[in-house]
Amino acid sequence: MNFKEIMQKGKGILQKYAILFGFLVIVIVLGFVTETFFTLNNLFLILKQVSCIGITTVAMCMLIIMGCIDLSVGSVMAVSGVFGALMVSEANPQWMAFASSFGIDPVWIALLAGILMGTAFGVFNGLIIAKGKIPPFIVTLGSMTIARGLAYILSQGMPVAKLLDSFTGIGAGKLTLSESAGLHISNTVFFYIGVVLLVSFILKKRRFGRYIYAIGGNESAALAAGINVDAVKLKAYVLAGSLVGLAGTLSVSRLKSAPPAFGNAYELDAIAGCIIGGVSFNGGIGKVWSSVVGAFILVIIQQGMDMLDVQTFYQQIVKGLIIILAVLGDRKRII
Amino acid sequence: MNFKEIMQKGKGILQKYAILFGFLVIVIVLGFVTETFFTLNNLFLILKQVSCIGITTVAMCMLIIMGCIDLSVGSVMAVSGVFGALMVSEANPQWMAFASSFGIDPVWIALLAGILMGTAFGVFNGLIIAKGKIPPFIVTLGSMTIARGLAYILSQGMPVAKLLDSFTGIGAGKLTLSESAGLHISNTVFFYIGVVLLVSFILKKRRFGRYIYAIGGNESAALAAGINVDAVKLKAYVLAGSLVGLAGTLSVSRLKSAPPAFGNAYELDAIAGCIIGGVSFNGGIGKVWSSVVGAFILVIIQQGMDMLDVQTFYQQIVKGLIIILAVLGDRKRII
Amino acid sequence: GDTADTSTDTTDETVADTASDTTDTDTADTADTAEPVLIGCSIQGNQSTFMQYVVSGMFQYAEENPDIVEIDVVYADDDATKQCTQVETLIQEGIDALVLNPVDPDASAPAVDACEEAGIPVITVNTTVNSDYVSAHVGSDDVESGRIQMERVIEVCGEDCKVGYVNAVIGHSAQVGREQGYLEVLDEHPGVELVAYDTGNWSGDETMQLVENWLASGKEFDAILCEADCQLVGAYVAVEDAGLLGEILLTGMDCTDDIMAYIAEGTVDSSIWQDGVGQGYHSVRIAIDAANNIGVEDYMIPYEVCSVDNYESYLTKIEERNALAAEYF
Amino acid sequence: MSDLLEMKDISKRFGGVEALKAVSFSLKKGEVHALVGENGAGKSTLMKILIGMHRPDSGVIFLNGEKKVFNCMKDALNYGISMIFQEFNSVAHMTVADNIFLGREPYTKFHSVDYKKMHQDTKNILKRIGVDIDSKVDVSTLTVAKIQLIEIAKALSYDADIIIMDEPTSALSNNEIDNLYRIVKELAADGKTVVFISHKIDEIYRFCDRITVLRDGNLIGSDLVDNIDIDQLIMMMVNRQITEMYPKEEAEIKEKVLEVKNLSRKGNFEDISFYLRKGEILGVAGLMGAGRTELAESIFGMRRIDRGEIFVKGKKVSIKHPKDAIRHGIMMVPEDRTKTGLILKLSVKENILLTNLKKCMIAFYISKKKEKKSVETFSKILEIKMKDESQVVSALSGGNQQKVVVSRTLFSDPDIIIMDEPTRGIDVKTKADIHALMSKLANQGKAIIMISSEMPEVIGISDRIIVLHEGRLSGELTRAEADQQSVLRYAMGRNQ
Ligand SMILES: Nc1ncnc2c1ncn2[C@@H]1O[C@H](COP(=O)(O)OP(=O)(O)OP(=O)(O)O)[C@@H](O)[C@H]1O
Ligand SMILES: Nc1ncnc2c1ncn2[C@@H]1O[C@H](COP(=O)(O)OP(=O)(O)OP(=O)(O)O)[C@@H](O)[C@H]1O
Ligand SMILES: [Mg+2]
Ligand SMILES: [Mg+2]
């Protein structure tokens, strides 16, 4: 291999992993400029911060790979959280009574209710997209508004508060590694890891996952191969909906309150996370892992800007530029 | 032509104009339920309400036909409006002095500044999309954040107020048809009509317009046909940007104040308007006229719900359902 | 109350930099060596201009006292999750006290819990949070603002007037409190007819469309109340277009520039004055005390009605406020 | 022998187009059955109904004497019918193995996809049809020909009783066709039934036992190959006599108009030099993956070249974009009409006029009248079968679509025309028409480069032939020297 070839190869690798390199640069700069960035404490903090939106990003990732999208995730997180919280809110005795009537700990009912609400929206989106043959963008634009309205109706426009401690314990709970050093891993992190592993497995190792890639890559080819495209789409939206419902319920449990305005514009963060991580917007290409990287980059950038005292107005500009540069770096030869 | 064929044909027409039929149904219901809906006064009010967002919808329509999208229109309206307003704000003497220094009425400088700011974002979006080969969704997701940040920076986070009367006169001005009956047509309506005619002409009668359809239909075929795809894309984004800048400046002039938070989520309304009107989300198909119909439907629905005192919560649900039903009605045989 | 040394930990020597800053030895150090106290300020967002005035007040205090305080301001974009996240980051950075402007009374509570865990005192500003741990609150009562605005309307228009009001973003603490104030007063005055209400989402444009549609449907009002001046500008244009300026009383909150100009003209009746700069200023002052383990108490600044009758007396205040905000943003 | 399958009185219309009018069609076990007809005759539509992709408006299907309804392709696959589609159906960013096993991936006992078995099976299948492709590469990196082979492999791997091949050889060169011939014969010997759609007459006689002819959606006839001779067959297909398949007019060959020197593009072609003269038809032959398409696209500016120079009429030119090429008088008919040739959603008119809309402008706008006149000229010359000029091209049959692309090229009146597989998927009559047209154009002083995988075509109408082998120029032949053997020898890289 001569020098030129080595250069070529280097270029290729750099291009392929441009995002990761950019990510490293950001991390190193932050490490140098701030004192607290490179501490285990901060690592766990970042993990915790990533986890809820991270779960939603994983769901989005799966849909983007399938050549679809879901604009409703932010609102569905809200309505799921609100619905779940109602089951365990001392301020809403009729719902709490309903939840208690099942004879099991209302906390489980709440978790289930949240996930089911997400699933219901998944079914709704999936059915209309698969059977109605309407572009996902437009269906989920509609359901985004519907879910938000429902969140307001259910909560009567006010945050659902006074949640049972056992429920808020889900989000607040943590695994303590070292009491003295204050090292804890939040519960939500384990949920996140679980979701990442599960969806990775499905995408790589299950037929369903392969069909998601096939549909995203070439829908008519998938159809010609005898794949029940409609069923796969429905299934994917249902799975994504459940994950979003879970993310919403976990967030609410962390927040100890369910504001109906919650999750506004989270769909954009989730999409940005996927794209920054390298999931192709055209479908058919991408890994769950990419969405994890993207979600981390977004959280770390936010943290970095807060740490470096970047003014709020300028933060928006930086964030916008980073979204564009990330993809630009990925697509074009930057060296 | 036998009976079956007539039925077939009828079906075809119904399908083709499903949206228009739905629209008529809404209008008729509103006419029956409220007293004031079917008055000329109200027609002109609707026209006025449509006009600014309508201009943005026309711009969006052109981009969607080209197989692209622009998520930044809401923020760009804000930054254009803010920038224009600064030129004529008595509260910002340094900018006003700058505008006056040109020796022409600052009102024109303000209008120009607003349009130019929109154009600048058009250039930015267009260049990155065309040269960087990045999906428009992601580029404009980035510039949406950037434009919003810039609007806040320029306005220092406060609404730009105390605008010259001659500037607010642009939006407030109207053509009085009948003084006694209070029949006026707002100036902004004429701007809207002008934009609709201009863009219709371009799309139908200019080569540039044909190329937009060609690129939306099949980009690589357009390239192979010798179309300078990059240049056309850039040009389309620039044109769209200018129109959005105009819309932003007009809105601000109507509102007599330029809040930096202005136009939040307007991109969704503009997209919804196009799709409801029947512009294909896959590109290559659609007319400016469709975007007009869509924008009207959205405004009329909003008005209907306000008139009927439907509360926001339910309004959102209705709006979401209508977006979905409109497209569903358009795609599938409903009869 | 003095709650700053609730962190009665026993493992002082092993406690890493996070939790130790507020221990007695540390604060003593701070006082002696005159190393400035680091105050974290978590602001709900910049959707309404008002928060900028509050932040300006904070900066003003910090600038006046550079030796004793340093502040670090972050904005949460009206997202409670983001606020909790940012507060966690602030704690990581080692702040000595937190000034919290909660996005939501309940949803922002975990941010307070996090401070409690780290032994960092919390002062809330403008909006309260549902937590016992908060050392003090600086602000004005939202319910009160709704009450005095509605009372002003009834005072001018009489006991049997027809009113409509435009809410801020539904679920926001300011909206919840102010609407509650409206409804309380309406309950006390059964003669007043509530013709219509809806939300303007803190947007002038949306409010304009809403009021236009109200008026187009033949609804009649004696007064329209807005929960923020950034909405009132839209209502103003709608009323003006309908040729009803002067016939419908208009009132808002926050005394922004454009509305003050309308009040001077006499086309808008009033706006509610809330001393944002003062809230910010005093919140930092009190936070320093809390960080230094000095006992602190709530500090309430009452709302005032700024109307066509008395607006001159507010003009200089507003000028100062705007100059200050322009300096920091 | 009773019928294995019978389609009875099948009718299908698409909007205004009656694609099939009460067509009946039957298959016997173990036969290779040719389905032939002009472009747009309804061959693909009939087969798509059989595979369950389209639902017939009326008519019934009997399989082994039992009435069956196919609602979707899965049904057909379950009944043992598989199909190679005329338009390829592969997922570009999946591997070869993924594509072949799409929809029926093997599972391990832990219910996860068994990649090991999948790749092993893929290797076996590919070996069986004699193709050397790595099962682990992405399909996106393969040439049209290789993708075609994978489509064939996929259809075969279903182990179906009835295999429909819709123009399987259109992208293949002779080696592959021979291979396919062997496979088809094996299948027939195994008692499988093959439906073979092709426009290449010689292939039909070589491969098939029985022929069914469609014309304009009507069944014209069905009989054993032995009972129909070529003239008869052509008569049935086009309803008129074709006198000359390669009507070559002797044109006067003049000065050089195009010359390329040492053109290289990494991974595609190396050091290609040749010239083209006015009035000349230069054939470019080669096996699959020889780099002909890449070469043509690079000259036309659709791809970047790494090295080399291009001269047009003696002047060195820089071509970075198709528009540059067009400016220098070069036009191209692309290889894949749906991917790069046409904008399927737009009308015939818009597609034909796209490149040279300038001609239809009056002052600053496009004139409808001028458009209509221009389109009429070309639709007459090439006899494009369409409702009117505003019909969307996606509703035309493959052959008619190809004519639209050719019309566009002619409309912009170039001096140099590059045609990449210009008659791929075109029926005999139109093929002859296009050959005649090329000949006429050359006579009018145009210079033509024609890339073709059909040996008789290359030899039939070229004045000179260059042959590519693995991205390098391996030989050049004059019309007099050229015969099948010599061209093939060069194509396989044996220069001596
Ligand atoms: N999806 C469709 N929509 C509308 N019309 C169609 C569609 N598919 C086929 N047609 C029409 O049906 C007729 C038959 O087309 P088909 O593709 O079956 O022809 P074919 O015999 O396969 O021709 P070719 O040899 O060119 O492939 C044509 O007139 C075509 O325009
Ligand atoms: N998208 C691609 N990516 C990488 N390599 C490619 C790509 N397309 C083609 N190639 C390679 O370029 C070479 C030339 O391919 P090309 O399509 O030009 O061949 P061709 O002679 O036109 O053959 P045919 O048209 O019969 O398939 C082949 O080696 C092929 O593997
Ligand atoms: Mg066909
Ligand atoms: Mg080729």
Side-chain angles (χ1 to χ4, degrees), chain B residues 1-2 4-5 7-13 15-16 64-67 130-131 133 197-235 278-287 333, chain D residues 13 15-16 296-297 300-303 319-328 330-347 349-368 371 392-394 404-405 408-409 411-412 414 418 420:
Chain B
M1 203 153 75
N2 62 21
K4 207 176 155 193
E5 274 172 20
M7 282 296 291
Q8 281 270 346
K9 198 152 188 179
K11 234 191 204 174
I13 292 175
Q15 242 176 281
K16 199 164 167 192
I64 292 182
I65 290 176
M66 199 170 66
K131 298 290 171 195
K133 315 275 177 240
L197 292 180
L198 175 77
V199 178
S200 285
F201 177 77
I202 290 178
L203 285 186
K204 265 198 224 135
K205 292 288 178 183
R206 300 277 302 163
R207 270 184 285 166
F208 171 54
R210 280 294 168 78
Y211 297 164
I212 286 180
Y213 281 97
I215 292 171
N218 182 346
E219 193 171 326
S220 41
L223 192 80
I227 295 172
N228 191 342
V229 173
D230 290 355
V232 173
K233 278 190 179 173
L234 176 59
K235 226 165 122 185
V279 183
S280 161
F281 203 64
N282 302 319
I285 303 172
K287 293 200 172 67
R333 290 135 218 264
Chain D
R13 62 156 63 234
E297 288 182 349
F300 190 57
M302 287 172 71
R303 294 171 191 268
I319 296 176
K320 296 205 164 109
H321 189 282
K323 73 176 160 58
D324 301 333
I326 292 169
R327 197 158 30 95
H328 293 299
I330 307 173
M331 260 312 267
M332 177 157 126
V333 177
E335 178 180 38
D336 186 338
R337 60 177 169 269
T338 54
K339 243 162 75 191
T340 44
L342 290 167
I343 292 142
L344 291 173
K345 290 173 188 172
L346 297 190
S347 65
K349 172 184 82 181
E350 284 161 325
N351 269 288
I352 292 180
L353 303 180
L354 196 57
T355 304
N356 214 349
L357 263 176
K358 221 185 278 174
K359 276 191 189 168
C360 301
M361 302 273 287
I362 295 180
F364 54 88
Y365 67 92
I366 300 167
S367 149
K368 255 202 180 121
E371 282 188 308
V392 288
V393 275
S394 61
V404 172
V405 186
R408 174 163 74 219
T409 307
F411 181 54
S412 65
I418 305 170
D420 196 354

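Since we're looking at a predicted model, the values are computed, not measured. In what follows, chains carry the letters A, B, and so on, assigned in the order in which the sequence lines appear, proteins first and then strands, with residues in each chain numbered from 1.
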Which atoms of [X] come close to chain B, meaning under 4.5 Å heavy atom to heavy atom: side chain ones, backbone ones, both, or neither?
X         : result
Leu342(D) : backbone
Lys345(D) : side chain
Met331(D) : neither
Met302(D) : side chain
Phe300(D) : side chain
Thr409(D) : neither
Lys358(D) : both

| Yes or no on side chain to side chain contact (heavy atoms under 4.5 Å, CB included) for Ile366(D) and Leu357(D), after CA distance, side-chain angles and deciding distance? | CA-CA 8 Å; Ile366(D) 300 167; Leu357(D) 263 176; 4.2 Å; yes

| Pick from Glu371(D), Arg337(D), Lys368(D): which one has the most heavy-atom pairs with chain B under 4.5 Å? | Glu371(D)

| Looking at Ile326(D), Leu353(D), Leu346(D), Val405(D), which makes the most heavy-atom pairs under 4.5 Å with chain B? | Leu346(D)

Rounded to the nearest 0.5 Å, what separates atom [atom1] in [X] from atom [atom2] in [Y]?
X         : Y         : atom1 : atom2 : value
Ile418(D) : Glu335(D) : CD1   : CD    : 13.0 Å
Leu198(B) : Leu203(B) : CG    : CG    : 9.5 Å
Tyr213(B) : Glu350(D) : OH    : CD    : 8.5 Å

| query | Quick one: are Lys133(B) and Asp230(B) in side-chain contact, heavy atoms under 4.5 Å? | reply | yes

| field | side chain to side chain donor-acceptor pair (under 3.5 Å), paired with Asp324(D), selected from Arg327(D), His328(D), His321(D) | value | Arg327(D)

| Has the side chain of Ser412(D) got a donor or acceptor atom that lies under 3.5 Å from a matching backbone atom of Pro414(D)? | no

| said: Between Ile202(B), Ile215(B), Ile227(B), Val229(B), who has the most heavy-atom pairs with chain D when the cutoff is under 4.5 Å? | reply: Ile227(B)

